[in-house]
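Beneath this line is the structure, given in structure tokens, with notes to follow.
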Amino acid sequence: MTRNRLTDLQAFAAVARLRSFRRAATELGVSPSALSHSLRGLEGRLGVRLLNRSTRSVAPTEAGQRLLDRLAPALLDIDGALEALNAFRDSPVGTLRFNAPRHAAEHVLAPLANRFLLANPGMRLEIVADDAFVDIIQGGFDAGVRFGESLDRDMVAIPLGPPQRFVVVGAPAYLAQAGRPSAPHELSRHRCIGIRFPSGARYRWEFERAGEKLEVDVSGPLDVGEMPLMLRAAEDSLGLAYVYEETARASLAAGRLETVLDDWRPTEAGFFLYYPSRRLPSAGLQKFIELVRESRIERTGTTPRASG
């Protein structure tokens, strides 16, 4: 097999798996136009259409799916053989792809990524910040970041970063006009800035006090999917917002926002780094996991335990 043919097959497998030229091009580090040209050349040489394309979607044909089913395990074997060479290097070489919510990517993953790259100059990281729930295997990611309760059981999960506190905040002008709620049920009388997930579902605000847990379906004039927009709306006195305390820290310190329902703050949650239990982590991912464990020991003096 020539090198070009192997490259074309890898390109086809990426497009067929991700159902997207753009996403496959990002994964492979090439332009979408170059990827499309490569696939047309492969189909021309094979004399078979492998992909059905439209302006909105791409999917393998019956022949393409049959090729992908046979090809995917072989490509994994090739990747595994090349990855085994890392055991003979002083530091790993390759690319790690992470998927994480925007807040986790910025405040938890990015600081570790900087340390990792300085310590492992042969590695390259790709961090995709996305609040949607993503299948990291289907998406071609080595690992992901999520809260523990949202992880599948077939994942290995390692505590990542400090606990995350949520707070309800409002502008002083809004609170002076609308009053300060003293219990979660009073939020029904307030304008609240809703949290809308990429799936379209709305988030029910969570509260806890003395073992009592509540979920409140709030309503208001605005639903958004990003916390910076929520903070801006809250600062403009549009209503109350439910955000990470760390995200609101500067606004609270400057007096642009104030917290309410402090005695109903939910239990602190933490992010987890996770990866498939049925796939051995690469040398690069193993190095990153070591860094995660070291950083937790530095922060808490305790060694994290993996679950899954």
Side-chain angles (χ1 to χ4, degrees), residues 100-108 129-133 145-152 157 159-272 274 300 307:
R102 289 178 174 83
H103 177 80
E106 179 180 357
H107 296 282
V108 180
D130 187 351
D131 290 329
F133 287 99
V145 178
R146 281 290 180 268
F147 284 122
E149 65 269 17
S150 61
L151 298 180
D152 293 333
L160 176 69
Q164 303 294 314
R165 290 174 52 120
F166 290 89
V167 293
V168 178
V169 296
Y174 172 82
L175 295 174
Q177 180 268 327
R180 306 176 71 92
S182 59
H185 71 269
E186 294 182 7
L187 292 173
S188 61
R189 300 197 295 267
H190 282 265
R191 299 196 307 269
C192 296
I193 301 160
I195 303 172
R196 180 79 64 176
F197 291 119
S199 65
R202 296 181 78 252
Y203 175 69
R204 292 168 60 89
W205 293 10
E206 299 177 68
F207 299 95
E208 182 176 354
R209 186 179 70 174
E212 180 183 3
K213 295 183 179 181
L214 297 174
E215 292 185 2
V216 179
D217 189 8
V218 300
S219 61
L222 178 66
D223 287 346
V224 297
E226 297 186 8
M227 287 198 179
L229 297 178
M230 298 171 63
L231 286 174
R232 176 62 186 270
E235 290 181 1
D236 290 343
S237 297
L238 195 62
L240 300 176
Y242 186 98
V243 297
Y244 293 112
E245 184 178 39
E246 187 173 1
T247 303
R249 194 177 304 279
S251 298
L252 293 170
R256 297 189 298 271
L257 292 174
E258 299 176 3
T259 62
V260 297
L261 298 175
D262 289 343
D263 56 339
W264 279 95
R265 289 183 181 180
T267 301
E268 295 180 352
F271 288 112
F272 285 77
Y274 69 99
T300 67
S307 63

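Computed from a prediction, not measured in an experiment: that's the story for all the values here.
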Can you measure from CD (E226) to CG (D131) and round to the nearest 0.5 angstrom? 7.0 Å
Closest non-hydrogen atom pair, P184 against L214: CG-CD1, 3.9 Å
Once you round to the nearest 0.5 Å, how far does CD1 of I193 lie from CG of L229? 10.0 Å
Give, for atom CD of Q164 and atom OG1 of T247, the distance between the pair rounded to the nearest 0.5 Å. 8.0 Å
Measure the CZ-CZ distance between R256 and R232 for me, rounded to the nearest 0.5 Å. 10.5 Å
Rounded to the nearest 0.5 Å, how far apart are CG of L240 and CH2 of W205? 5.5 Å
Strictly distance-based, threshold 3.5 Å: is any side-chain N or O of R202 a donor or acceptor partner for the main-chain N or O of V218? yes
Is any side-chain heavy atom of L231 closer than 4.5 Å to a side-chain heavy atom of V243? yes
With sequence neighbours left out, what residues match P221 under side chain to side chain contact (heavy atoms under 4.5 Å, CB included)? R191, L238
Quick one: salt bridge (Lys or Arg N to Asp or Glu O under 4.0 Å) pairs with a partner in residues 170-179, sequence neighbours left out? none
Describe, in one word, how the ring planes of Y244 and F147 are oriented to each other, choosing from parallel (under 30°), tilted (30 to 60°) and perpendicular (over 60°). tilted
pair R102-M227: side-chain heavy atoms closer than 4.5 Å: no
Identify the heavy atoms of E258 and P172 that sit nearest to each other, and give their distance. OE2-CG, 3.6 Å
When the ring planes of F166 and Y242 are compared, do they come out parallel, tilted or perpendicular, using 30° and 60° as the limits? parallel
Keeping the roles fixed (side chain from Y174, backbone from L257), state whether a donor-acceptor pair exists under 3.5 Å. no
I'd like to know whether I195 forms a side chain to side chain contact (heavy atoms under 4.5 Å, CB included) with V224, so could you lay out the CA-CA distance, the side-chain angles of the two residues, the decisive distance to 0.1 Å, and finally the verdict. CA-CA 5 Å; I195 303 172; V224 297; over 6 Å; no
Would you name the heavy atoms of V145 and Y274 that are closest together and state the gap between them? N-CE2, 3.4 Å
Smallest separation among heavy atoms of H190 and E186, with atom names: CD2-O, 3.3 Å
When rounded to the nearest 0.5 Å, the distance separating SG of C192 from CG of L187 is 5.0 Å
Heavy-atom closest pair (S182 atom, L261 atom, distance to 0.1 Å) is C-CD2, 3.6 Å
T259 versus R180, closest heavy-atom pair with distance: O-NH2, 2.8 Å
Any side-chain heavy-atom pair from V168 and W264 closer than 4.5 angstrom? no
